[in-house]
Structure formats: structure tokens, C-alpha cells
Amino acid sequence: MADQGASRTAVVVEDDDDIRQLLVTVLRQAGFTVHAAADGATAVEAVRRHDPLVTTVDVNLPDIDGYEVVRRIRGFSDTYVVMLTALPDEIDVLMGLDAGADDYQVKPFRARELRARIEALLRRPRARQADAGSTPPPPSEPGVDTGAPDDHRRVEHGPLVVDLDAHAVTVDGTEVHLTRSEFDLLTTLAERTGRVVPKDDLVRALRGEEYDAGVFVSDAERRSLEVHMVNLRRKLGDDGGSPRWIQTVRGVGYKFVAPA
């Protein structure tokens with residue numbers, strides 16, 4: 001797997017020739033070596049071959065749709081995925097993030113904004129793929145970050161165990177597969193158990209920025225955060241109406257509540 005210290009590589013998945021060329025230009029100007037694909041099958045193979053840091057995926061492709069492309073990519077790659085689409089409805093955003101995308105940009109997009117979003121993704125640590133057949137980590141002390149026998153830092157709250165170094169989560173001993181954004185949200189909340197974390201602070205955490213940065217947070221970013229939270233809760237088996245772990249504080253943000 002490539003790392004960010006190596007040559008920056010990107011894969012662009014777009015069937016429209018003009019938009020594909022625009023994306024290639026934007027990413028090359030950002031210092032990437034870019035490989036382009038016009039259909040889903042070619043895109044999956046390009047990601048497998050080049051192991052890019054960043055992949056942009058159009059939803060409407062001539063063979064398989066972008067959601068399926070992302071699902072297949074997530075089976076073997078932790079590339080940062082930005083979905084690009086003309087579909088602005090919340091359900092479309094939900095489907096993209098649920099498939100494993102890290103960000104979702106609606107067309108027409110501004111090149112500078114897209115580049116800024118990609119640079120924000122790159123400030124976040126790249127998740128590591130878990131080895132097939134790996135066993136869940138041994139439990140640590142409840143609610144405490146520890147240096148476990150394998151030196152991994154962990155947070156444990158009842159049946160929920162978060163391995164911060166392996167980017168792995170288990171619930172009742174069963175591994176839960178989270179996207180990078182979902183994992184970052186969970187760790188941000190779990191490390192601040194009992195404290196309300198405002199939505200804007202969570203958005204900045206996803207950007208890799210300090211909480212007090214004072215950078216503008218858009219309504220679209222807040223809606224994307226809410227979609228990520230819906231997916232995270234579903235995967236954890238959490239119920240927003242009667243939460244085990246993640247409580248909504250209306251008008252403010254979210255709070256991680258340790259089980260009694």
C-alpha cells in the first residue's frame with residue numbers, strides 16, 4: 001500500500017470527456033500523478049494496479065454505477081474516495097457515503113473547492129486494511145486508552161472496543177467495518193465521553209483541522225456529517241431514539257455516553 005510520503009497518485013473515474021480532463025488537470029496541478037478511467041470496471045482495476053491516495057468517482061457510469069465501484073474498491077483499498085454527481089438529494093449522498101466514500105461533491109463543482117476538500121482528506125491518517133482472519137484485540141480497561149500487549153492504543157466502552165492504531169472496531173467481539181470518516185467521528189466522540197461535541201467541531205475533525213480554527217463550515221458539510229452519523233449508528237447497532245453510545249444534543253451536536 002502506498003503512503004503519503006511516496007509519489008501522490010490519483011485515479012479519476014468519469015465518463016464525460018470534458019469533466020474527466022478537468023479533474024485530471026486539477027489533480028495534476030495539486031501534484032498528483034493521475035490515471036483516468038471512463039467506466040467502472042476499468043476504474044476498479046486502475047485502483048488495484050496503482051493504489052492511489054485519492055480516487056474521484058462519478059455516480060453515473062456506462063457499465064456499473066459509482067456506488068458499486070466504491071463498494072468494490074473498499075474490498076481491497078483504503079484510497080480516499082470523493083464521489084462526484086449531479087444528484088443533490090440526501091438519499092444520493094447517503095448511498096454514496098454508505099458505499100464507503102469519504103466525501104461527496106455535487107456537480108457543477110468549483111475546482112478550487114474540490115482541491116481544498118482533497119487536501120483536507122489528506123490531512124487525516126490513512127486507515128490500514130485489517131488482515132483477513134485477524135482476531136479481535138484483547139480487552140483493555142473500560143473507557144481507558146491503554147498500551148496493550150501489542151502496543152496498540154485502545155478505547156473500550158462495554159462491548160465496544162476501538163483500536164486507535166489498527167483503525168479497527170468490534171462490538172460484542174464482532175468486527176464492525178467503518179469508513180475512515182465514520183471511524184474518525186467515533187474516536188473523536190469516544191475520546192470525549194460525556195462531553196457534547198458541536199457539529200462544526202466534528203466537521204473540522206473530519207477535515208483534520210483544530211477545533212478552534214474558526215474556519216467556515218457550510219450547511220452542506222453539516223448535512224454530510226449527519227449522514228455519516230446515521231451510517232455510524234446503524235453499523236454499531238445504535239438507536240438514535242434510545243442510544244447505547246451516541247446521543248444527539250439537538251441544536252448543538254453529539255455526545256458519547258458510556259453504558260451504565
message: I want to check something: taking the side chain as every heavy atom from C-beta on, are I73 and T79 in contact at a cut-off of under 4.5 Å?
response: yes
Any residue meeting side chain to side chain contact (heavy atoms under 4.5 Å, CB included) with A111, in chain and number order, not counting sequence neighbours: V26
- line: H157 and W245 have their tightest heavy-atom pair at O-NE1, 3.6 Å
- prompt: Side chains of E68 and D63: does their closest heavy-atom pair fall under 4.5 Å?
  reply: no
query: Looking at residues at least two apart in the chain, or sitting in another chain, which of them share a side chain to side chain contact (heavy atoms under 4.5 Å, CB included) with N60?
result: D58
task: Could you walk me through whether D102 and R74 pass the salt bridge (Lys or Arg N to Asp or Glu O under 4.0 Å) test, one step at a time?
output: CA-CA 11 Å; D102 297 290; R74 280 292 174 247; 3.0 Å; yes
task: Mind running side chain to side chain donor-acceptor pair (under 3.5 Å) on R192 and T187 for me, showing each step along the way?
output: CA-CA 8 Å; R192 294 158 181 79; T187 56; over 6 Å; no
Pairs where residues 11-31 contributes a residue and the test ring pair (Phe, Tyr, Trp, His ring centres under 6.0 Å) is met, not counting sequence neighbours: none
query: Same hydrophobic cluster for V196 and L186, using side-chain heavy-atom links shorter than 4.5 Å among ILVMFWY?
result: no
- request: For residues S181 and Y80, determine if any side-chain heavy atom of one lies less than 4.5 Å from a side-chain heavy atom of the other.
  value: no
query: Which pair of heavy atoms, one from A38 and one from P62, lies closest together, and at what distance?
result: O-CD, 3.5 Å
- request: For K235, enumerate each residue passing the side chain to side chain contact (heavy atoms under 4.5 Å, CB included) test, keeping only those at least two apart in sequence or located in another chain.
  value: D98, V176, L178, T179, E182
Heavy-atom closest pair, residues A36 and V24: CB-CG2, 4.2 Å
field: Listed partners of E45 passing salt bridge (Lys or Arg N to Asp or Glu O under 4.0 Å), at least two apart
entry: R48
Within 45° cone and under 6.0 Å: R195 NZ/CZ vs F256 ring: no
statement: When L121, V11, L122 are each screened for side chain to side chain contact (heavy atoms under 4.5 Å, CB included) with V54, the one that passes is L122
statement: Looking only at heavy atoms, the pair that brings T188 and A205 closest together is OG1-CB, 4.0 Å
message: For residues 97-117, which residue pairs pass the ring pair (Phe, Tyr, Trp, His ring centres under 6.0 Å) check, not counting sequence neighbours?
response: none
message: Measuring from atom CG of N231 to atom CG of L97, what distance do you get when rounded to the nearest 0.5 angstrom?
response: 6.5 Å
query: Taking only residues at least two apart or on different chains, which pairs with a member in residues 20-37 satisfy salt bridge (Lys or Arg N to Asp or Glu O under 4.0 Å)?
result: D17-R20
- prompt: Run the side chain to side chain donor-acceptor pair (under 3.5 Å) check on T9 and H35 step by step: do they pass?
  reply: CA-CA 8 Å; T9 303; H35 305 275; 5.4 Å; no
message: Please report the interatomic distance OG(S224) to CD(Q105), rounded to the nearest 0.5 Å.
response: 9.5 Å
- request: First locate atom CZ of R250, then atom CD of Q247, and finally report the distance between them rounded to the nearest 0.5 Å.
  value: 10.5 Å
statement: What one should report as the nearest heavy-atom pair of V70 and G100 is CG1-C, 3.7 Å
query: Does V69 share a hydrophobic cluster with F76, counting links as ILVMFWY side-chain heavy atoms below 4.5 Å and allowing steps through other members?
result: yes
task: Kindly indicate whether the side chain of L202, heavy atoms from C-beta on, has any atom under 4.5 Å from the side chain of L206.
output: no
- request: Go through the steps to decide whether T55 and V82 satisfy the test side-chain contact (heavy atoms from CB on, under 4.5 Å), and finish with yes or no.
  value: CA-CA 6 Å; T55 302; V82 179; over 6 Å; no
- prompt: If you round to the nearest 0.5 Å, how far is CG of L189 from CG of D201?
  reply: 10.5 Å
query: Taking the side chain as C-beta and beyond, is there a heavy-atom pair between T33 and R8 under 4.5 Å?
result: no
task: Mind listing the closest non-hydrogen atom pair of G40 and I64 along with its distance?
output: CA-CG1, 3.8 Å
Non-hydrogen side-chain atoms of H177 and E175 separated by less than 4.5 Å: yes
- request: Start with the C-alpha gap between M229 and L185, add the side-chain angles, then the distance that decides, and say whether side-chain contact (heavy atoms from CB on, under 4.5 Å) holds.
  value: CA-CA 8 Å; M229 293 301 300; L185 287 174; 3.7 Å; yes
- request: Not counting sequence neighbours, which residues clear salt bridge (Lys or Arg N to Asp or Glu O under 4.0 Å) with D103? List them please.
  value: R117
message: Checking I19 against L84 for the side-chain contact (heavy atoms from CB on, under 4.5 Å) test, could you report, in this order, the C-alpha distance in whole Å, the side-chain angles of both residues, the deciding distance, and whether it holds?
response: CA-CA 10 Å; I19 297 177; L84 300 172; 5.7 Å; no
query: Would R154 and V162 count as a side-chain contact (heavy atoms from CB on, under 4.5 Å) if you check the C-alpha gap in whole Å, the side-chain angles of each, and the deciding distance to 0.1 Å?
result: CA-CA 5 Å; R154 297 193 179 95; V162 183; over 6 Å; no
message: Using modelled atom types and a 3.5 Å cut-off, is there a donor and acceptor pairing between side-chain atoms of D172 and backbone atoms of T174?
response: no
task: Mind checking ring-ring contact (aromatic ring centres under 6.0 Å, His included) for F183 and listing every partner two or more places apart, or none if nothing turns up?
output: H167
- request: Kindly write out the residues that satisfy salt bridge (Lys or Arg N to Asp or Glu O under 4.0 Å) with R110, not counting sequence neighbours, or none if the list is empty.
  value: E113
message: Please enumerate all residues that pass side-chain hydrogen bond (donor to acceptor under 3.5 Å, both in side chains) together with D39, with sequence neighbours excluded.
response: T42
message: Suppose we screen for salt bridge (Lys or Arg N to Asp or Glu O under 4.0 Å). Which residues come up paired with D238, at least two apart in sequence or across chains?
response: none
- request: Spell out, yes or no, whether M83 and V106 are grouped together once hydrophobic residues are joined by side-chain heavy atoms under 4.5 Å, including indirect joins.
  value: yes
query: Does the side chain of E14 reach to within under 4.5 Å of the side chain of T56, using non-hydrogen atoms?
result: no
task: Report the C-alpha distance between R223 and E226 in whole Å, list the side-chain angles of each, state the deciding distance to 0.1 Å, and finish with yes or no for salt bridge (Lys or Arg N to Asp or Glu O under 4.0 Å).
output: CA-CA 5 Å; R223 288 194 297 271; E226 292 166 0; over 6 Å; no
field: Residue pair V249 / V197, side-chain heavy-atom distance below 4.5 Å
entry: no
